[in-house]
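Every chain is numbered from 1, with letters handed out A, B, ... down the list of sequences.
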Number of protein chains: 2
Amino acid sequence: MKRTLETIEYKENTEALAKFAKALAHPTRIAILKHLESQSCCFTGDLVDVFPLAQSTVSQHLKELKNAGLIQGELKSPKIKYCINQENWNIAKSLFQNFFD
Amino acid sequence: MKRTLETIEYKENTEALAKFAKALAHPTRIAILKHLESQSCCFTGDLVDVFPLAQSTVSQHLKELKNAGLIQGELKSPKIKYCINQENWNIAKSLFQNFFD
DNA sequence: ATCTCTTATCGTAAAGATACGATTGATTTT
DNA sequence: AAAATCAATCGTATCTTTACGATAAGAGAT
(Lines give C-alpha, C1' and ligand atoms only; values in the text may rest on other atoms or scores of the structure.)
Protein backbone atom coordinates (compact mmCIF):
# COMPACT_ATOMS: atom_id res chain seq x y z
CA MET A 1 0.00 0.00 0.00
CA LYS A 2 1.33 3.41 -0.93
CA ARG A 3 1.28 5.21 2.39
CA THR A 4 0.89 8.89 2.88
CA LEU A 5 4.02 10.54 4.19
CA GLU A 6 2.54 11.97 7.31
CA THR A 7 1.21 9.52 9.85
CA ILE A 8 -2.37 10.28 10.71
CA GLU A 9 -3.16 10.97 14.34
CA TYR A 10 -6.45 9.47 15.40
CA LYS A 11 -8.22 9.93 18.67
CA GLU A 12 -7.40 7.60 21.52
CA ASN A 13 -10.02 4.94 21.01
CA THR A 14 -10.36 5.15 17.26
CA GLU A 15 -7.46 2.86 16.51
CA ALA A 16 -8.36 0.43 19.27
CA LEU A 17 -11.89 0.13 17.95
CA ALA A 18 -10.67 -0.31 14.38
CA LYS A 19 -8.32 -3.05 15.54
CA PHE A 20 -11.10 -4.97 17.25
CA ALA A 21 -13.37 -4.45 14.26
CA LYS A 22 -10.67 -5.83 12.00
CA ALA A 23 -10.47 -8.96 14.12
CA LEU A 24 -14.22 -9.38 13.70
CA ALA A 25 -14.14 -8.62 9.98
CA HIS A 26 -14.32 -12.23 8.83
CA PRO A 27 -17.28 -14.59 9.27
CA THR A 28 -15.05 -17.48 10.32
CA ARG A 29 -13.62 -15.45 13.19
CA ILE A 30 -17.09 -14.36 14.28
CA ALA A 31 -18.15 -17.99 14.22
CA ILE A 32 -15.10 -19.05 16.23
CA LEU A 33 -15.89 -16.47 18.88
CA LYS A 34 -19.54 -17.48 18.99
CA HIS A 35 -18.41 -21.05 19.45
CA LEU A 36 -16.10 -20.06 22.27
CA GLU A 37 -18.88 -18.11 23.92
CA SER A 38 -21.27 -21.05 23.87
CA GLN A 39 -18.70 -23.68 24.80
CA SER A 40 -16.79 -21.36 27.14
CA CYS A 41 -13.63 -22.98 25.76
CA CYS A 42 -12.47 -25.36 23.07
CA PHE A 43 -9.49 -26.91 21.34
CA THR A 44 -8.14 -26.06 17.91
CA GLY A 45 -9.08 -29.50 16.68
CA ASP A 46 -12.72 -28.98 17.58
CA LEU A 47 -12.82 -25.95 15.34
CA VAL A 48 -11.09 -27.76 12.49
CA ASP A 49 -13.92 -30.30 12.66
CA VAL A 50 -16.58 -27.59 12.65
CA PHE A 51 -15.28 -25.58 9.69
CA PRO A 52 -14.46 -26.93 6.26
CA LEU A 53 -11.08 -25.25 6.34
CA ALA A 54 -7.53 -26.50 6.51
CA GLN A 55 -6.00 -26.82 9.97
CA SER A 56 -3.44 -24.18 9.09
CA THR A 57 -6.16 -21.75 8.10
CA VAL A 58 -8.03 -22.19 11.36
CA SER A 59 -4.78 -21.75 13.24
CA GLN A 60 -4.15 -18.53 11.37
CA HIS A 61 -7.56 -17.14 12.33
CA LEU A 62 -6.90 -18.09 15.95
CA LYS A 63 -3.61 -16.25 15.78
CA GLU A 64 -5.33 -13.07 14.64
CA LEU A 65 -7.90 -13.28 17.38
CA LYS A 66 -5.08 -13.84 19.85
CA ASN A 67 -3.14 -10.87 18.49
CA ALA A 68 -6.22 -8.70 18.85
CA GLY A 69 -6.41 -9.88 22.44
CA LEU A 70 -9.89 -11.38 22.14
CA ILE A 71 -8.84 -14.93 22.98
CA GLN A 72 -6.09 -16.66 24.88
CA GLY A 73 -4.62 -20.14 24.65
CA GLU A 74 -3.58 -22.49 27.41
CA LEU A 75 -1.48 -25.58 26.87
CA LYS A 76 -3.29 -28.75 27.93
CA SER A 77 -0.84 -31.11 26.38
CA PRO A 78 -0.99 -32.28 23.73
CA LYS A 79 -3.84 -29.88 22.96
CA ILE A 80 -4.33 -26.17 23.36
CA LYS A 81 -7.42 -24.87 25.03
CA TYR A 82 -8.68 -21.54 23.76
CA CYS A 83 -10.94 -19.23 25.74
CA ILE A 84 -12.31 -15.74 25.44
CA ASN A 85 -10.07 -13.16 27.08
CA GLN A 86 -12.73 -11.62 29.27
CA GLU A 87 -10.78 -8.49 30.15
CA ASN A 88 -10.21 -7.44 26.56
CA TRP A 89 -13.60 -8.73 25.55
CA ASN A 90 -15.16 -6.27 27.96
CA ILE A 91 -12.97 -3.49 26.63
CA ALA A 92 -14.09 -4.26 23.08
CA LYS A 93 -17.67 -4.47 24.22
CA SER A 94 -17.63 -1.03 25.80
CA LEU A 95 -15.79 0.49 22.84
CA PHE A 96 -18.51 -0.71 20.49
CA GLN A 97 -21.22 0.31 22.94
CA ASN A 98 -19.88 3.84 23.22
CA PHE A 99 -19.41 4.06 19.50
CA PHE A 100 -23.01 3.18 18.76
CA ASP A 101 -24.23 5.63 21.43
CA MET B 1 -7.10 -15.51 -2.48
CA LYS B 2 -7.18 -19.21 -3.08
CA ARG B 3 -10.75 -20.04 -2.17
CA THR B 4 -11.92 -23.31 -0.83
CA LEU B 5 -14.16 -25.18 -3.24
CA GLU B 6 -17.15 -25.51 -0.99
CA THR B 7 -18.84 -22.33 0.10
CA ILE B 8 -19.06 -22.13 3.85
CA GLU B 9 -22.52 -21.75 5.32
CA TYR B 10 -22.56 -19.38 8.27
CA LYS B 11 -25.42 -18.68 10.58
CA GLU B 12 -27.86 -15.93 9.65
CA ASN B 13 -26.26 -12.97 11.36
CA THR B 14 -22.64 -14.00 11.18
CA GLU B 15 -22.02 -12.64 7.73
CA ALA B 16 -23.97 -9.47 8.38
CA LEU B 17 -21.94 -8.78 11.50
CA ALA B 18 -18.68 -9.51 9.70
CA LYS B 19 -19.69 -7.12 6.94
CA PHE B 20 -20.36 -4.30 9.37
CA ALA B 21 -17.15 -5.07 11.24
CA LYS B 22 -15.25 -4.90 7.97
CA ALA B 23 -16.64 -1.45 7.31
CA LEU B 24 -15.39 -0.37 10.73
CA ALA B 25 -12.02 -2.04 10.31
CA HIS B 26 -10.16 1.14 9.39
CA PRO B 27 -9.48 4.09 11.68
CA THR B 28 -10.34 6.61 8.98
CA ARG B 29 -13.79 5.12 8.54
CA ILE B 30 -14.35 5.07 12.30
CA ALA B 31 -13.35 8.73 12.40
CA ILE B 32 -15.66 9.59 9.51
CA LEU B 33 -18.59 7.96 11.30
CA LYS B 34 -17.74 9.73 14.56
CA HIS B 35 -17.68 12.98 12.64
CA LEU B 36 -21.05 12.26 11.08
CA GLU B 37 -22.47 11.42 14.49
CA SER B 38 -21.32 14.67 16.03
CA GLN B 39 -22.22 16.86 13.05
CA SER B 40 -25.29 14.83 12.15
CA CYS B 41 -24.30 15.35 8.52
CA CYS B 42 -21.46 16.70 6.41
CA PHE B 43 -20.08 17.10 2.92
CA THR B 44 -17.24 15.16 1.34
CA GLY B 45 -15.18 18.31 1.16
CA ASP B 46 -15.40 18.80 4.93
CA LEU B 47 -13.84 15.40 5.45
CA VAL B 48 -11.08 16.05 2.93
CA ASP B 49 -10.17 19.08 5.04
CA VAL B 50 -10.21 17.09 8.26
CA PHE B 51 -8.04 14.19 7.09
CA PRO B 52 -4.63 14.46 5.43
CA LEU B 53 -5.75 12.19 2.63
CA ALA B 54 -6.37 12.67 -1.06
CA GLN B 55 -9.91 13.48 -2.13
CA SER B 56 -10.10 10.20 -4.02
CA THR B 57 -9.11 8.24 -0.94
CA VAL B 58 -11.77 9.85 1.22
CA SER B 59 -14.31 9.21 -1.51
CA GLN B 60 -13.30 5.55 -1.55
CA HIS B 61 -13.83 5.21 2.18
CA LEU B 62 -17.24 6.86 1.85
CA LYS B 63 -18.11 4.38 -0.86
CA GLU B 64 -17.33 1.46 1.42
CA LEU B 65 -19.40 2.89 4.23
CA LYS B 66 -22.22 3.44 1.75
CA ASN B 67 -21.93 -0.13 0.45
CA ALA B 68 -22.09 -1.43 4.00
CA GLY B 69 -25.25 0.65 4.41
CA LEU B 70 -23.96 2.69 7.32
CA ILE B 71 -24.24 6.04 5.55
CA GLN B 72 -26.23 7.57 2.76
CA GLY B 73 -25.61 10.49 0.45
CA GLU B 74 -27.96 13.18 -0.72
CA LEU B 75 -27.25 15.55 -3.55
CA LYS B 76 -27.27 19.19 -2.44
CA SER B 77 -25.80 20.56 -5.59
CA PRO B 78 -23.01 21.06 -6.13
CA LYS B 79 -22.15 19.16 -2.97
CA ILE B 80 -23.20 15.83 -1.53
CA LYS B 81 -24.46 15.65 2.02
CA TYR B 82 -23.65 12.45 3.85
CA CYS B 83 -25.58 11.25 6.88
CA ILE B 84 -25.74 8.15 9.02
CA ASN B 85 -28.29 5.65 7.76
CA GLN B 86 -30.17 5.30 11.00
CA GLU B 87 -32.03 2.15 10.06
CA ASN B 88 -28.93 0.15 9.26
CA TRP B 89 -27.01 1.85 12.04
CA ASN B 90 -29.53 0.42 14.50
CA ILE B 91 -29.27 -2.99 12.91
CA ALA B 92 -25.49 -2.90 13.27
CA LYS B 93 -25.84 -1.66 16.81
CA SER B 94 -28.06 -4.54 17.86
CA LEU B 95 -25.91 -7.09 16.04
CA PHE B 96 -22.87 -5.97 18.01
CA GLN B 97 -24.89 -5.77 21.21
CA ASN B 98 -26.16 -9.30 20.85
CA PHE B 99 -22.74 -10.54 19.91
CA PHE B 100 -21.13 -9.13 23.03
CA ASP B 101 -24.01 -10.49 25.17
C1' DA C 1 15.11 -43.05 21.62
C1' DT C 2 11.15 -43.38 18.65
C1' DC C 3 6.51 -42.80 17.44
C1' DT C 4 2.18 -40.38 17.76
C1' DC C 5 -0.76 -36.66 18.41
C1' DT C 6 -1.77 -31.82 18.13
C1' DT C 7 -0.93 -27.30 16.71
C1' DA C 8 2.04 -23.60 14.98
C1' DT C 9 4.77 -21.89 11.34
C1' DC C 10 6.73 -21.59 6.58
C1' DG C 11 6.30 -20.92 1.76
C1' DT C 12 3.35 -19.63 -1.69
C1' DA C 13 -0.51 -18.07 -4.69
C1' DA C 14 -4.55 -15.39 -5.52
C1' DA C 15 -7.59 -11.83 -4.20
C1' DG C 16 -8.61 -7.65 -1.63
C1' DA C 17 -7.55 -3.20 0.63
C1' DT C 18 -5.47 1.28 0.61
C1' DA C 19 -3.29 5.00 -1.22
C1' DC C 20 -2.27 8.33 -5.00
C1' DG C 21 -2.83 11.40 -9.28
C1' DA C 22 -5.52 12.14 -13.32
C1' DT C 23 -9.76 12.15 -15.53
C1' DT C 24 -14.66 12.29 -15.99
C1' DG C 25 -19.36 13.77 -15.05
C1' DA C 26 -22.91 16.54 -13.23
C1' DT C 27 -24.56 20.93 -11.78
C1' DT C 28 -24.19 25.93 -11.03
C1' DT C 29 -22.36 30.19 -12.03
C1' DT C 30 -20.58 33.54 -15.14
C1' DA D 1 -21.84 28.47 -24.29
C1' DA D 2 -17.90 28.46 -21.24
C1' DA D 3 -15.89 28.19 -16.84
C1' DA D 4 -15.87 26.72 -12.23
C1' DT D 5 -16.96 23.60 -8.47
C1' DC D 6 -17.41 19.28 -6.28
C1' DA D 7 -17.27 14.47 -5.92
C1' DA D 8 -16.98 9.92 -8.20
C1' DT D 9 -14.40 6.88 -10.95
C1' DC D 10 -10.30 5.06 -13.44
C1' DG D 11 -5.76 3.33 -13.62
C1' DT D 12 -2.05 1.91 -11.00
C1' DA D 13 1.27 0.51 -7.32
C1' DT D 14 2.02 -1.70 -3.06
C1' DC D 15 0.84 -4.00 1.06
C1' DT D 16 -2.30 -7.17 3.47
C1' DT D 17 -5.41 -10.96 3.88
C1' DT D 18 -6.90 -15.51 3.13
C1' DA D 19 -6.28 -19.90 1.72
C1' DC D 20 -3.63 -24.20 0.95
C1' DG D 21 -0.09 -28.05 1.61
C1' DA D 22 4.10 -29.21 3.74
C1' DT D 23 7.08 -28.99 7.46
C1' DA D 24 8.51 -28.15 12.17
C1' DA D 25 7.97 -28.12 17.12
C1' DG D 26 6.28 -29.66 21.53
C1' DA D 27 4.67 -33.06 24.81
C1' DG D 28 3.17 -37.72 25.99
C1' DA D 29 3.14 -42.60 25.10
C1' DT D 30 5.54 -46.86 23.56
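- Regarding contacts with the backbone of C/dG16, every side-chain N or O of B/Lys22 stays at 4.0 angstrom or more from both OP1 and OP2.
- The phosphate of C/dA19 has OP1 or OP2 within less than 4.0 Å of a side-chain N or O from B/His61.
- Neither OP1 nor OP2 of D/dT18 sits under 4.0 Å from any side-chain N or O of A/Thr57.
- With rounding to whole Å, B/Leu47 atom CG is found 17 Å from C/dA19 atom C1'.
- To the nearest angstrom, C1' of D/dA7 lies 12 Å from CZ of B/Phe43.
- Closest approach to the A/Gln60 side chain among C/dG21, D/dA8, D/dT18 is made by D/dT18 (side chain taken as heavy atoms from C-beta onward).
- With respect to A/Asn88, the side chain to side chain contact (heavy atoms under 4.5 Å, CB included) criterion is satisfied by exactly one of A/Ile91, A/Ile84, A/Asn90: A/Ile91.
- Results of the side chain to side chain contact (heavy atoms under 4.5 Å, CB included) test with A/Tyr82 over A/Ile32, A/Thr44, A/Leu47 single out A/Thr44 as the only residue that passes.
- B/Ile71 contributes atom CD1, which lies 10.5 Å from atom CZ of B/Arg29 (distance to the nearest 0.5 angstrom).
- Considering only side-chain atoms of A/Lys79, the nucleotide from D/dA19, D/dA8, C/dT7 that sits closest is C/dT7.
- A straight line from CZ of B/Phe51 to C1' of C/dT18 spans 15 Å, rounded to a whole angstrom.
- With D/dA8, C/dT27, C/dT7 as the candidates, the nucleotide lying closest to the side chain of A/Gln55 is C/dT7.
- Between the P atom of C/dC5 and the CD1 atom of A/Ile80 lies a distance of 17 Å, rounded to the nearest Å.
- The residue among A/Ser77 and A/Ala54 whose nearest nucleotide of DNA chain D is located toward the 5' end is A/Ala54.
- No more than 12 heavy-atom neighbours from other residues, nucleotides or ligands sit within 6.0 angstrom of NZ on A/Lys19.
- The B/Leu62 side chain lies nearest to D/dA8 when the options are D/dA8, C/dT6, D/dT9.
- Here the side chain of A/Leu53 is nearest to one of D/dA27, C/dT9, D/dC20, namely D/dC20.
- Taking atom CD1 of residue A/Ile8 and atom C1' of nucleotide C/dC20, one finds them 13 Å apart after rounding to whole Å.
- Summarising the geometry, the separation between CD on A/Glu74 and P on D/dA27 is reported as 15 Å, rounded to the nearest angstrom.
- Ring geometry for B/Trp89 against A/Phe99 counts as tilted: the plane angle lies between 30° and 60°, on a 0 to 90° scale.
- For A/Arg29, taking side-chain heavy atoms from C-beta onward, the closest of the listed nucleotides C/dC20, D/dA7, D/dT18 is D/dT18.
- A chain of hydrophobic side-chain contacts below 4.5 Å, direct or via other Ile, Leu, Val, Met, Phe, Trp or Tyr residues, connects A/Val48 to A/Leu53.
- In this structure, A/Ser59 does not reach the C/dT7 phosphate: none of its side-chain N or O atoms is under 4.0 Å from OP1 or OP2.
- With C/dT7, D/dA8, D/dT18 as the choices, the nucleotide that has an atom nearest any side-chain atom of B/Thr44 turns out to be D/dA8.
- Among the nucleotides C/dG21, C/dA8, D/dC20, the one closest to any side-chain atom of A/Ser56 is D/dC20.
- Here D/dA19 presents its C1' atom at 14 Å from CD1 of A/Ile32, a figure rounded to the nearest Å.
- Rounded to a whole Å, the CD1 atom of A/Ile30 is 16 Å from the C1' atom of D/dT18.
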